[in-house]
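Values reported hereafter were calculated over all heavy atoms of this structure, with side chains retained and with hydrogens, waters and symmetry mates removed.
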Amino acid sequence: MVFHTFSRCVQGARHRSRELQDGKEHPCQDFCECGGSTASGKKGVKREYVYIAAADGHGDSACFRSAKGAEFAVMAARYICKSVAEKYPIERLFEPPVVAALAKEFVSVWNTLVHVDVSASPFSESELASVENARRAEQFRAGRQVELAYGTTLLGAFFCGDGWFAFQIGDGTLTIKDKNGGFSQPVPADERCFMNQTTSMCDENAASEIRFYVSTDLPQAVFCATDGLDGSFNTREQLTDFYTKLLWLYDEYIFDACAGCEKKRCSRECRNALAEEEIASYLPTLSSRGSGDDISLAICLCRDRNSVPARKRR
């Protein structure tokens with residue numbers, strides 16, 4: 001099996017519009033990443049792994065460093081995925097004590113990054129003045145519950161060998177296309193994530209709010225999307241139709257131009273690059289036509305080594 005990953009984050013159309021109106025910066029509060037490496041497992045065994053992760057910082061005035069919080073959440077995911085590849089065979093991930101330990105580690109790493117940042121760069125008066133709740137601002141001044149300023153969701157997936165697991169806290173959607181071609185969202189739903197309410201990495205009981213899905217049955221593809229993307233569609237069927245079209249770009253669409261490729265068949269790498277150029281260019285339009293919110297999308301494709309791309313137009 002060969003894994004291919006892609007991620008892209010774009011500023012929401014609503015934020016861009018506000019910048020034009022008031023002349024102030026309204027930065028993207030999402031963050032996403034994909035990657036992979038080789039880890040040294042027990043007894044020196046080398047294990048290749050890949051991961052995807054996306055996070056959505058909260059828009060509340062008290063969460064004035066949520067863009068950093070989202071980045072820290074993805075950094076924590078990167079660290080945990082490497083740690084898992086080094087410590088655990090995939091079959092051990094089914095064990096409840098291991099899952100509980102991973103949840104605590106996610107939160108511990110994120111909290112550490114938050115407190116290091118606060119120590120290095122204490123909250124400024126201009127930041128505190130933006131907090132609409134005066135009581136909350138005073139708590140921040142006293143150094144209490146500073147994690148809230150960095151509040152964010154997180155979702156992602158880790159792949160190693162013939163197994164994988166997904167993780168999520170808060171809203172957004174993790175959608176898979178299974179080997180039979182069906183779409184599903186296997187991470188357990190959280191009824192606390194409703195409208196503008198969501199669980200968060202900054203919650204006091206965040207470790208108990210992280211949901212997992214573990215499997216040794218590899219899917220065809222996994223899509224991690226923050227709510228700016230899934231909120232741009234009215235139904236789950238519309239969302240999965242969008243993902244079907246993205247896979248079509250990767251595997252079947254005949255591109256008019258294939259940079260530097262004069263072969264009868266595009267290389268897989270070339271097709272991936274062209275598909276991802278199309279996806280990246282469309283996401284700002286999707287935000288404009290849909291939710292208006294920041295959008296993060298991370299994808300992992302699980303391919304058979306013998307798969308080949310569609311024929312290039314001559």
Side-chain angles (χ1 to χ4, degrees), residues 7 9 27-37 39 49 51-60 62-88 93 97-123 127 136 139-140 143-158 165-174 187-188 190 192-193 197-214 224-227 294 296 298:
S7 63
C9 181
C28 179
Q29 294 170 298
D30 277 15
F31 195 87
C32 65
E33 184 177 276
C34 61
S37 187
Y49 69 94
Y51 68 90
I52 55 176
D56 180 4
H58 306 326
D60 189 275
C63 304
F64 49 81
R65 289 192 182 178
S66 65
K68 278 191 173 182
E71 181 177 1
F72 293 161
V74 171
M75 289 172 64
R78 182 200 313 153
Y79 174 86
I80 299 304
C81 289
K82 181 177 185 295
S83 176
V84 168
E86 292 173 342
K87 294 179 182 178
Y88 302 109
L93 295 177
V98 173
V99 173
L102 288 178
K104 291 178 180 178
E105 197 167 359
F106 269 106
V107 177
S108 176
V109 173
W110 184 79
N111 278 326
T112 297
L113 292 169
V114 165
H115 286 277
V116 167
D117 191 68
V118 173
S119 296
S121 180
F123 296 156
E127 287 177 316
R136 180 68 68 187
Q139 287 179 325
F140 287 159
R144 299 197 303 272
Q145 297 182 326
V146 297
E147 298 84 2
L148 176 61
Y150 296 78
T152 182
T153 65
L154 172 66
L155 70 162
F158 163 89
F165 71 84
F167 51 89
Q168 182 170 3
I169 182 170
D171 53 23
T173 56
L174 188 144
V187 177
D190 188 342
R192 291 165 293 187
C193 299
Q197 301 298 315
T198 181
T199 49
S200 171
M201 291 291 289
C202 70
D203 292 346
E204 290 185 6
N205 57 339
S208 66
E209 295 172 339
I210 298 179
R211 296 110 66 199
F212 287 90
Y213 173 79
V214 186
C224 290
T226 54
D227 67 344
D294 300 330
S296 284

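Between D30 and G57, the shortest heavy-atom distance links the atoms OD1-N, 4.2 Å. Across A73 and A55, no two heavy atoms sit closer than the pair CB-CB, 4.1 Å. Looking at every heavy atom in both residues, E33 comes nearest to F31 through OE1-CE2, 4.3 Å. Taking every heavy atom of both residues into account, A53 and L154 meet most closely at CB-CD1, 4.5 Å. Here the closest non-hydrogen pair linking C224 and I52 is SG-CD1, 3.8 Å.
Side chain of S121 to backbone of V118: no donor-acceptor contact under 3.5 angstrom is found. Although no hydrogens or angles enter the test, the distance criterion places a donor-acceptor pair under 3.5 Å between the side chain of D60 and the main chain of A62. In this structure, S296 contributes its side chain and A225 its backbone to no donor-acceptor pair below 3.5 Å.
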Residue pair S200, H58: steps toward the side chain to side chain donor-acceptor pair (under 3.5 Å) verdict: CA-CA 9 Å; S200 171; H58 306 326; 2.8 Å; yes
From CA spacing to verdict: ring-ring contact (aromatic ring centres under 6.0 Å, His included), F158, F165: CA-CA 5 Å; F158 163 89; F165 71 84; 5.1 Å; yes
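There is no side-chain donor-acceptor pair under 3.5 Å between D56 and T153. Q29 and S66 form a side-chain donor-acceptor contact under 3.5 Å, judged by distance and modelled atom types alone. Looking at Y213 and Q168, their side chains never bring a donor and an acceptor atom within 3.5 Å of each other. For the residue pair H115 and E147, a side-chain donor N or O sits within less than 3.5 Å of a side-chain acceptor on the partner.
Taking 4.5 Å as the limit, some side-chain heavy atom of V107 sits within range of a side-chain heavy atom of I210. Counting only heavy atoms from C-beta outward, the side chains of E204 and Q145 approach each other to under 4.5 Å. In this structure, D294 and T226 have side chains that are not in contact, with every pair of non-hydrogen atoms separated by 4.5 Å or more. In this structure, the side chains of C9 and C28 come closer than 4.5 Å at one or more pairs of heavy atoms. A 4.5 Å side-chain heavy-atom check between T199 and C193 finds at least one atom pair inside the cut-off. Contact check for K82 versus S37: no side-chain heavy atoms found under the 4.5 Å cut-off. Contact annotation: the side chain of C63 approaches that of L148 to within less than 4.5 Å [non-hydrogen atoms, C-beta and beyond]. Counting only heavy atoms from C-beta outward, the side chains of S108 and N111 never approach each other to under 4.5 Å.
Under a cut-off of 6.0 angstrom, the local environment of OH in Y79 is sparse, with at most 12 non-hydrogen atoms contributed by other residues, nucleotides or ligands.
Between F106 and F167, the gap from one ring centroid to the other is short of 6.0 Å.
Evaluation of the side chain to side chain donor-acceptor pair (under 3.5 Å) rule for R211 yields no partner, not counting sequence neighbours.
Below 30°, between 30° and 60°, or above 60°: for W110 and Y150 the angle between ring planes is above 60°, a perpendicular geometry.
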